[in-house]
Student: 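First, the structure itself, so that you have it in front of you.
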Amino acid sequence: MMEINLHVKRYDPETENPEHYWADYKVDIDQFTTVLDALIKVREDMDGTLALRCSCRSAICGSCAMRVNGHASLACKTRASQICAEGETITIEPAGVMPVVKDLVVDMTPFWDKIKAVEPWMQPQGPVPQGEYIAPNEDMLHLAGVMGCIMCGACVSDCTLLEVDPNFLGPAALAKAYRFVADPRDGADEIRLKSLSEYTGVWDCTRCFECVEVCPKGVAPMERIMVLRDKAMNAGYDDSYGARHTDAFVELVGHSGWLNELMLPIKTVGMFNMPALLNFAPVGLRAMRKRKMPPLFHKMLPGVENVRRIFRRLNK
Amino acid sequence: MRAALAAHQSGANTALISKVYPVRSHSNAAQGGINAALVDRGDSWEEHAFDTIKGSDYLGDQDAIEIMCKVAGEELIELEHMGVIFNRDDEGHLGTRAFGGQQRARTFFVADFTGQAMLHVLHEQVMKLGVTAYEEWFVTTLIMEDGECCGVVAMEIRTGRIYVIRAKTVILATGGLGRVYEPSTNALIVTGDGMALAYNVGAPLMDMEMVQYHPTTLTGSGVLITEGARGEGAYLLNKDGDRFMQTYAPSMMELASRDVVSRSETMEIAAGRGINGCVLLDCVHLGERLIKEKLSQIYDIGLDLVGIDITKEPIPIRPGMHYQMGGIKTDVDGLTRVPGLYAAGECANVSVHGGNRLGANSLLDTVVFGRRAGNHAAEATRDREYKTFNVDAWVENEEQRIRDMLDREPNGDRVAKVRLDMGTVMNEYLGVFREEQGMQRALETIKELKQRYQSVPVENKGRVFNTDLVFALELGFMLDCAESIAAGALERKESRGAHSRTDYTSRDDENWLKHILTVPSEDGPQVSHLPVVITQWTPEERKY
């Protein structure tokens with residue numbers, strides 16, 4: 001047994017001028033005590049006013065996602081002794097991005113709205129078979145990796161894009177969308193990929209890896225988003241900024257052996273897209289002032305033939 | 001959700017009320033799978049029915065069991081068509097695994113999170129069809145007028161406001177009562193709400209003494225370790241490394257029915273052949289690949305919760321309270337004895353599980369009888385009118401009750417203390433083995449706890465997301481359930497299924513091949529009896 005300190009961010013909407021405040025609780029733990037066990041101890045024996053959601057205690061119901069020492073985690077899957085030594089402090093805050101209702105409880109309405117937005121139900125095409133759909137076990141095992149998502153919202157909490165752009169569908173909804181696109185029984189891939197290629201969809205992800213880091217079930221949402229990008233481009237949805245950016249990147253490096261930074265934005269938005277090109281002007285001027293402007297005449301990389309050979313081989 | 005979907009699709013104006021977001025429900029925790037006898041696999045519903053009946057120690061109603069086993073295949077295929085992924089065999093057909101108490105491998109599964117996979121797909125269907133859902137609403141009272149159920153009083157947890165929802169029919173699908181016991185595999189939300197709500201409006205609870213102890217729950221927290229582990233071939237070992245099931249069930253070994261395995265473990269531990277109150281579950285010989293593919297969740301649980309890698313060493317487990325076979329007495333259409341009130345799933349007792357439920361029959365029970373209750377409750381709305389009653393009075397009564405709870409002086413025991421005392425006494429005297437004196441003591445303790453409950457303080461005085469208040473209300477429900485369990489157990493003077501008495505050690509078909517019903521009264525629970533429905537399987541001795 002050892003004593004640790006829980007430093008908990010709290011919020012009570014029913015006070016006169018509600019503001020966040022911090023409360024500290026000293027709790028005895030053993031090596032197996034989870035952060036959730038410790039919080040339950042607080043709630044049951046010390047302070048009944050502390051609000052949090054929790055249920056299964058075994059990382060399957062998805063209720064107890066919150067920020068533990070700055071990162072979203074399931075409180076029931078995090079052993080206190082592994083992140084905190086005797087006498088030290090664990091900092092606990094509500095999940096991010098979503099509005100706080102009370103203490104560690106956040107309003108998940110926006111989360112569910114985005115899940116619903118990807119039409120998360122199977123849309124098979126063709127006649128329904130008499131028995132089960134015949135499907136390879138590997139495909140099902142692969143899907144199990146995504147179906148393992150428990151909708152806890154940890155990925156959404158720590159998504160660096162959602163923090164600044166609430167319109168982004170976000171990692172959970174896109175991973176859910178992937179689950180149907182990757183399901184051999186679902187027949188709506190085309191429509192799904194088309195709508196996922198639009199604004200708020202797969203191209204908005206900044207690839208920061210946070211969702212992969214914090215997902216307690218190994219769903220790796222960002223990796224699913226990258227596969228969706230591939231699939232969307234292969235299905236011919238290559239007209240978005242994101243898709244053109246990818247194409248331009250490949251084309252430019254394949255041509256000169258390294259990236260032509262001047263041409264990349266131009267090719268991404270389109271040669272004749274004057275309004276968008278004019279938008280770059282201030283950036284260009286600032287770059288010039290700081291002497292960061294890429295050279296106007298882009299040189300070939302020495303030995304560019306070798307790079308081109310790699311591209312040719314890859315294209316085969 | 002299965003009931004709500006059926007009612008919605010039958011054309012009834014349906015709303016789903018859940019005290020948590022629906023995907024947080026405890027069906028998530030069903031790890032192992034769902035049973036179905038598929039004819040094209042050489043299986044038959046009769047064999048499945050026989051295994052179920054034998055498993056129930058002949059207390060299951062055979063008409064209900066026949067219905068369940070006959071439609072199991074269709075239900076399974078429909079779930080697959082809705083999108084449940086299910087593990088496949090080499091040809092891409094649905095794959096099976098073996099489960100306890102069954103002669104054939106007829107358990108279909110999604111790794112070891114079958115319940116979660118099903119629950120999320122049902123939730124997808126609820127979203128698809130746009131069924132109205134009151135999420136994080138807590139039902140506190142059933143509304144009764146002229147002896148009929150005609151709606152519910154519920155609290156929106158987020159605001160603490162009280163509402164009346166009028167209905168022509170109400171279906172309870174609130175799950176079990178695991179938290180009545182300590183420890184339990186069940187989630188913290190599993191507090192017997194529906195059973196207590198029904199009990200308090202006079203719908204009898206049936207066979208409440210039949211409480212299942214799961215043979216493999218984790219040391220410490222008591223979290224569930226799937227029966228699928230033994231289904232895939234894991235061993236149970238005592239401290240000497242012997243597969244002790246040899247002694248108790250030489251033919252089925254680790255895959256005997258749950259009541260048998262739990263009793264065997266308890267005897268082994270009592271005989272001093274356990275380790276710190278546990279025996280060992282050994283998966284090592286199954287190999288890392290199989291474990292990570294088919295038992296991935298318990299692999300994580302071992303590492304996360306007790307720091308044991310099950311691919312490398314055995315894990316300490318013990319029997320732990322897991323499931324309530326008993327519940328609200330319903331007919332095969334889910335109708336309780338109160339007009340307008342239906343029930344399905346673990347909170348109900350139709351009765352397909354009798355004295356002991358087979359693993360992977362519970363998910364099947366929920367979809368089969370959830371659908372039937374939904375269909376029949378929807379059908380019944382056609383001949384029923386909305387009752388007129390004084391809505392404001394119902395709201396005001398509930399407001400008053402809650403205000404009284406919030407205004408209590410802070411000098412009684414905390415909710416958590418009363419719950420722990422209840423759980424401990426239930427586990428001690430109404431666990432794997434029972435006898436008269438202990439059960440009497442448990443019943444008296446529950447009476448005393450009910451007194452103490454009247455003064456438990458609610459520390460949180462606010463109304464927004466007041467979980468303190470919700471726990472206090474849930475504790476009231478749990479105490480009602482506990483009382484009914486103790487009353488049923490004292491009444492049944494034999495050993496059958498999960499009800500194993502050291503003072504009446506054998507099954508007594510002559511006197512006790514019958515159900516026990518409990519209803520509340522001023523002087524505590526009143527018991528009565530009901531014959532078991534037997535169709536084609538005559539009770540015989542049960543051996544594994």
Side-chain angles (χ1 to χ4, degrees), chain A residues 12-14 31-32 34 37 40 43-45 47-63 77-79 101-103 105 107-108 112 115-116 119-122 124 128-137 139-141 143-144 147-151 180 183 185-186 217, chain B residues 20-21 23-26 28-29 40 76-77 80-83 85-95 110-111 113 115-117 120-121 124-125 127-128 158 187-189 220-221 223-224 293 296-297 300-301 304-307 414-416 457-468:
Chain A
D12 181 358
E14 290 173 282
Q31 58 165 327
F32 298 129
T34 62
D37 294 333
I40 289 175
R43 187 171 74 176
E44 292 195 338
D45 304 337
D47 187 347
T49 67
L50 178 69
L52 69 144
R53 292 191 182 101
C54 57
S55 181
C56 74
R57 304 164 299 141
S58 51
I60 195 74
C61 78
S63 301
K77 198 177 155 64
T78 312
R79 271 155 69 187
V101 175
K102 182 178 186 337
D103 297 336
V105 175
D107 177 9
M108 292 196 77
W112 290 111
I115 298 288
K116 283 177 201 156
E119 300 199 350
W121 44 82
M122 198 152 82
V128 176
Q130 191 78 41
E132 71 268 38
Y133 286 96
I134 306 300
N137 196 39
D139 286 5
M140 293 292 125
L141 288 178
L143 280 179
M147 284 297 276
C149 170
I150 54 176
M151 303 275 151
F180 293 99
D183 192 327
R185 303 168 299 173
D186 189 89
K217 302 299 283 187
Chain B
V20 291
Y21 286 117
V23 296
R24 312 281 181 236
S25 302
H26 190 56
N28 266 329
D40 56 9
L76 178 77
I77 297 300
E80 200 272 339
H81 288 175
M82 280 180 189
I85 53 184
F86 291 117
N87 285 50
R88 310 280 158 152
D89 62 16
D90 294 340
E91 274 90 53
H93 291 282
L94 301 182
V110 183
F113 58 88
Q116 187 218 329
H120 282 235
V121 166
E124 290 165 12
Q125 297 298 308
M127 289 190 281
K128 178 184 171 187
R158 193 176 161 171
L188 305 176
I189 58 169
S221 61
V223 163
L224 177 67
E293 187 175 308
S296 54
Q297 190 187 167
D300 285 345
I301 286 176
D304 292 340
L305 299 184
V306 289
R414 281 173 172 273
V415 170
V458 180
E459 199 177 335
N460 187 350
K461 307 294 179 196
R463 296 304 289 269
V464 174
F465 227 96
N466 187 342
T467 44
D468 213 20

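The figures here come from the full heavy-atom set of this structure, side chains too, leaving out hydrogens, waters and symmetry mates.
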Student: Which answer fits B:Glu91, side chain, backbone, both or neither, if we ask what part of it has an atom under 4.5 Å from a heavy atom of chain A?
Tutor: backbone

Student: Measuring centre to centre across the rings, with the benzene-like ring taken for any Trp, is B:Tyr21 within less than 6.0 Å of A:Trp112?
Tutor: yes

Student: Where on B:Phe113 is there a heavy atom nearer than 4.5 Å to chain A: the side chain, the backbone, both, or neither?
Tutor: side chain

Student: If I measure from the heavy atoms of chain A, does B:Met127 come under 4.5 Å with its side chain, its backbone, both, or neither?
Tutor: both

Student: What is the distance from atom OG of A:Ser63 to atom CE of A:Met108, rounded to the nearest 0.5 Å?
Tutor: 9.0 Å

Student: Would you mind telling me which of B:Leu305, B:Thr467, B:Asn87 has the largest number of heavy-atom pairs within less than 4.5 Å of chain A?
Tutor: B:Leu305

Student: Does any backbone or side-chain atom of A:Gln31 lie under 4.5 Å from a heavy atom of chain B? Answer side chain, backbone, both or neither.
Tutor: neither

Student: What part of B:Ile77 lies closer than 4.5 angstrom to a heavy atom of chain A: side chain, backbone, both or neither?
Tutor: side chain

Student: With only heavy atoms counted, which part of B:Val464 is less than 4.5 Å from chain A, the side chain, the backbone, both or neither?
Tutor: both

Student: Heavy-atom distance under 4.5 Å to chain B: side chain of A:Glu132, backbone, both or neither?
Tutor: both

Student: Using non-hydrogen atoms only, which part of A:Ile134 is less than 4.5 Å away from chain B: side chain, backbone, both, or neither?
Tutor: both

Student: If the condition is salt bridge (Lys or Arg N to Asp or Glu O under 4.0 Å), which residues does B:Glu293 pass it with, not counting sequence neighbours?
Tutor: B:Arg289

Student: Which bit of B:Leu94 comes within less than 4.5 Å of chain A, counting heavy atoms only: side chain, backbone, both or neither?
Tutor: both

Student: Among B:Glu459, B:Gln297, B:His120, single out the residue with the greatest number of heavy-atom pairs under 4.5 Å to chain A.
Tutor: B:Glu459

Student: Out of A:Gly131, A:Pro13, A:Cys54, A:Ala59, return the one with the most heavy atom pairs under 4.5 angstrom to chain B.
Tutor: A:Gly131

Student: Can you find a heavy atom in the side chain of B:Ser221 that is under 4.5 Å from one in the side chain of A:Phe32?
Tutor: no

Student: Quick one: what part of B:Arg414 sits under 4.5 Å from any heavy atom of chain A, side chain, backbone, both or neither?
Tutor: side chain

Student: Heavy-atom cut-off 4.5 Å, strictly under: side chain, backbone, both or neither for B:Asp89 against chain A?
Tutor: backbone

Student: What part of B:Val458 lies closer than 4.5 angstrom to a heavy atom of chain A: side chain, backbone, both or neither?
Tutor: neither

Student: Is chain B contacted by the side chain of A:Val105, its backbone, both, or neither, given a heavy-atom distance below 4.5 Å?
Tutor: side chain

Student: Can you tell me which of A:Pro136, A:Ala51, A:Gly148 forms the most heavy-atom pairs within a distance under 4.5 Å of chain B?
Tutor: A:Gly148

Student: Side chains of B:Val121 and A:Met147: does their closest heavy-atom pair fall under 4.5 Å?
Tutor: yes

Student: Which bit of B:His93 comes within less than 4.5 Å of chain A, counting heavy atoms only: side chain, backbone, both or neither?
Tutor: both

Student: Using a 4.5 angstrom heavy-atom cutoff, name the option from B:Asp300, B:Val306, B:Asn466, B:Val415 with the most pairs to chain A.
Tutor: B:Val306

Student: Counting only heavy atoms closer than 4.5 Å, note whether A:Ile40 contacts chain B via side chain, backbone, both or neither.
Tutor: side chain

Student: Would a distance-only check, ignoring hydrogens and angles, find a side-chain to backbone donor-acceptor pair under 3.5 Å from B:Asp304 to B:Ile301?
Tutor: no

Student: So which of A:Ser55, A:Cys61, A:Pro129, A:Cys56 has the biggest tally of heavy-atom pairs under 4.5 Å with chain B?
Tutor: A:Ser55

Student: Between B:Arg88 and A:Asp139 (salt bridge meaning N to carboxylate O under 4.0 Å), is one present in this structure?
Tutor: no

Student: Picking from A:Thr78, A:Asp47, A:Thr34, A:Asp37, which has the most non-hydrogen pairs under 4.5 angstrom with chain B?
Tutor: A:Asp47

Student: Which heavy atom in B:Val223 sits nearest to a heavy atom in A:Ser58, and how many Å separate them?
Tutor: CG1-CB, 3.7 Å

Student: When only pairs under 4.5 Å are counted, which of A:Glu119, A:Gln130, A:Arg53 shares the most heavy-atom pairs with chain B?
Tutor: A:Arg53

Student: Does some side-chain heavy atom of B:Arg24 sit less than 4.5 Å from a side-chain heavy atom of A:Met151?
Tutor: yes

Student: With heavy-atom distances below 4.5 Å as the criterion, would you say the side chains of A:Tyr133 and A:Pro124 are in contact?
Tutor: yes

Student: Counting heavy-atom pairs under 4.5 Å with chain A, which one of B:Gly83, B:Gly307, B:Ala416 comes out on top?
Tutor: B:Gly83

Student: For chain B, find which of A:Lys102, A:Arg57, A:Met122 contributes the most heavy-atom pairs closer than 4.5 angstrom.
Tutor: A:Arg57

Student: Hey, what do you get for CG (B:Asn460) to CZ (B:Phe465), rounding to the nearest 0.5 Å?
Tutor: 11.5 Å

Student: If the condition is salt bridge (Lys or Arg N to Asp or Glu O under 4.0 Å), which residues does A:Arg185 pass it with, not counting sequence neighbours?
Tutor: A:Asp183, B:Glu80

Student: Let's test your reading of the structure: which of B:Gln125, B:His26, B:Arg463, B:Met82 forms the most heavy-atom pairs below 4.5 Å with chain A?
Tutor: B:Arg463

Student: What's the separation between atom CG in A:Leu50 and atom CG in A:Asp12, rounded to the nearest 0.5 Å?
Tutor: 11.5 Å

Student: For the residue pair A:Asn137 and B:Asp90, establish whether any side-chain heavy-atom pair is separated by less than 4.5 Å.
Tutor: no

Student: Which pair of non-hydrogen atoms, one from B:Val110 and one from B:Ala117, has the smallest distance, and what is that distance?
Tutor: CG2-CB, 3.8 Å

